[in-house]
Every structure is written in C-alpha cells, then in structure tokens.
2 protein chains.
Amino acid sequence: MNTQSHSKSTSRSLPIALLRARETVMAPIRDMLQDINLTEQKWRILRVLDELGEVEQSTIANEACLLLPSLTRILRSMETDGQITRRQDSQDKRRSMVKITEEGRRILANNLAASLAISENIETQMGREKLDNLLDLLEELQAVKV
Amino acid sequence: MNTQSHSKSTSRSLPIALLRARETVMAPIRDMLQDINLTEQKWRILRVLDELGEVEQSTIANEACLLLPSLTRILRSMETDGQITRRQDSQDKRRSMVKITEEGRRILANNLAASLAISENIETQMGREKLDNLLDLLEELQAVKV
DNA sequence: TCAATTTACTAAACATGTTAATAATTAAGA
DNA sequence: TCTTAATTATTAACATGTTTAGTAAATTGA
C-alpha cells in the first residue's frame, strides 16, 4: 500500500489536475506563439496591457501571474523589441508605468483569429455550457482564502 | 476600444483562468514545501512515484507535467539526496527505471497531514459537490484533442 | 540483413521562476 | 519634523522551463 492510498490519486489532486488541464490547453497556443517568436509570458503581458491600458508593473505581475523579478527582465526585452513602453510616474517616482505600443497591438491583432480558433475548438468539443461552468468554478476557486 | 474587445477578457480566458486558479491553490502548498526544502516539482515526482511504483522517466514526465530535460536534472539531485533510485532496465537498455526510496516515502508521510489540511480548507470553502464538479470538468478538458 | 526510423534520455543554451538583498521613494507615527 | 515602516522596482544567484541538438539503443521494413 502506498502512502497516497491514505490521500488521493494525483488525477483528483487539484494542483495536478489544474496543471495537466493547462498543459492540454496550452499545447496549440505554444505552437502559435512559436511561429511569431513570442513566449507564453510575453503573450499574457500583451493581453493584460491591451485590456488594462497603462498600468504599473505590480499590476501586470498580479494579472499575468508573474513575479516582479521575471517581469523586470521580460519588459526590458519587450521594450527593446518595441512592444511596450515604460515611463516613470510623475506623482510617485517609485512606479514605472507600462503601456502597449502599436507594434504590440499589431501582434495581438495578427494572432487574434488563430487564438479564437483554438478556443472554439475546445468549446466545440466540451460544449459552451460546460466551459462556462468550468470558468465560473475557476473564478470561484481563485477567490478562496488560503 | 482595445484589441480584446473582439476577444474575451483574460478572466474568461481558459489558460489564464487555469493559471490564476492554480496560483491560489499552490500558495499554501509552497509554504509547506519551503519548510521541508522541497520544490513543487520534486513533490509531484514523489507523489507520482509513490502512486505508480517503479517507472521509466518518460512516464514520470507525462504524469508530473515535466519535460525530460528538466526531469534529468531534478532526478539527479533527488538521487543525490536519497529520495529516489535509478537503474538501467535489463530488457531495454535505453530506459532507466526510477523508484522512490524509504526516505522519499518518509517525506510524503511526514507531510500528508499538512497536505490534507490544505485540501480540506479548500473543500470547506467551495463545497464537496462543486469541487468534484470542477475535478470532473478538468479531467474532461485534459481529454480534449488539440 | 541492414539502412532508416523511432524511442529514451542527456547536453547545452537561453528564458523564466524563485528567493534574498538592496535602492529609491513614499507613507505613517511619535 | 524626524524617524521608522511600507511600497515599488531592480539586481544577483541559483533552480527549473523550454527548445534544439545529439547519442545510444531498439524497432521497422524492404
């Protein structure tokens, strides 16, 4: 008898189930991103910036699930590549405000169709109702106090 | 109007929702693991090995959602620390068979209670029914053809 | 039988994750 | 005001993620 027969199988373990499900969903997205030479993290950052407008780095880190040290490096390279701009906030000089550029928006626009096609493929197989149900449950899980 | 008003907000994006939910769930587990000087990946490997017995590395990689190059490095350090053993398979000399040691099992056993407490906290807040529903949907999502 | 292909793993290079320490600035309290 | 604490971001160091390439062993198929 193994240790986990007291516990639960990894397939019913929430952290592992979330990870495996994400790997499934990400596989085609990674293929798409590889074609345009963009990492998963940079893609998330562009989407968050497009959604929120000009924001400070801590906000990006929270929304895109990145740690600040990673973000510092990634934004540096994205600034070099002309996908985002940074400027010091005039009110609070600790903050640096980040904004997506036209080039960044262009990348999003160019890949919107491919991105949607991937989502729709999953929606077709699982069904809209189940997918909404899943998204609701995931939002609820995020709100749990840990 | 931003690019994503054609698309969907990041909170209704499956990859991002899965990532954010996982961050929530993992936070207390990371705290637990830090106390015993174990990474999240090593914890997953121990759980998979405990569940499956002696297996080849590709199997571990699949089950624990790790790529083989990462696994090579991590197993090397776990072997040094006496948590797993490796031996060449006699039938197929390409394979190396990996097994959890008593030390590895001891680590699992010592942290089973803490691990369960974390799961039960989430279960209490979300409810058993919703959690089962979520796990079912995640399993279904994993099975989607991408 | 043997060349071509597949499988299992490792190596190397670079990007990101993670923690700790630090600098700069701002906020809060005595 | 002055000091202390908190906030924002960066740097450094090391572990892991990710991709590409490579090696060795096994399998396939003419």
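Nothing here was measured: the structure is a model prediction, and the numbers come from that model.
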Same cluster (ILVMFWY, side-chain, under 4.5 Å), B:Leu135 and B:Leu137: yes

Hphob cluster co-occupancy, B:Leu66 + B:Leu19, side-chain heavy atoms under 4.5 angstrom: no

[X] side chain to [Y] backbone, donor-acceptor under 3.5 Å:
X       : Y       : answer
A:Glu51 : B:Thr10 : yes
B:Arg44 : B:Ala64 : yes
A:Asp81 : A:Gln83 : no
B:Glu54 : B:Lys99 : no

Presence of salt bridge, B:Arg106 and B:Glu103, under 4.0 angstrom: yes

Short N-O contact, B:Arg94 and B:Asp89, less than 4.0 angstrom: no

Verdict with reasoning, A:Arg22 to B:Arg22, per side-chain contact (heavy atoms from CB on, under 4.5 Å): CA-CA 10 Å; A:Arg22 187 159 195 281; B:Arg22 187 158 195 280; over 6 Å; no

Other residues, nucleotides, ligands: >12 heavy atoms within 6.0 Å of B:Asp35 CG: yes

Donor-acceptor side-chain pairing of B:Glu129 and B:Asn133 below 3.5 angstrom: no

Distance in Å, A:Ile74 CD1 paired with A:Glu79 CD, rounded so as to fall on 0.5 Å steps: 14.0 Å

From CE (A:Met78) to OG1 (A:Thr85), nearest 0.5 Å: 11.0 Å

For atom CG of B:Leu38 and atom C1' of C:dT18, their distance in whole Å: 15 Å

Whole-Å gap separating P (C:dA11) and CD (B:Gln57): 11 Å

Bend angle of the helix from C:dT1-D:dA30 to C:dA30-D:dT1, from helix axes over five pairs at each end, nearest 10°: 30°

B:Leu134 and A:Leu14, any side-chain heavy atoms less than 4.5 Å apart: yes

Close approaches to DNA chain C from residues 25-37 of chain B, in residue order (heavy atom, under 4.0 Å): B:Arg30, B:Gln34

Strand contacts (DNA chain C) in residues 87-101 of chain B, 4.0 angstrom heavy-atom criterion: B:Arg94, B:Arg95, B:Ser96

Contact list for DNA chain D against residues 64-78 of chain A - heavy-atom distance below 4.0 Å: A:Leu68, A:Pro69, A:Thr72, A:Arg73, A:Arg76

Start and end of chain B contact along DNA chain D [non-hydrogen atoms, under 4.0 Å]: D:dT16 to D:dA26

Inter- and intrachain pairs under salt bridge (charged side-chain N to carboxylate O under 4.0 Å, His left out), touching residues 55-66 of chain B, at least two apart: A:Arg20-B:Glu63, B:Glu56-B:Arg95

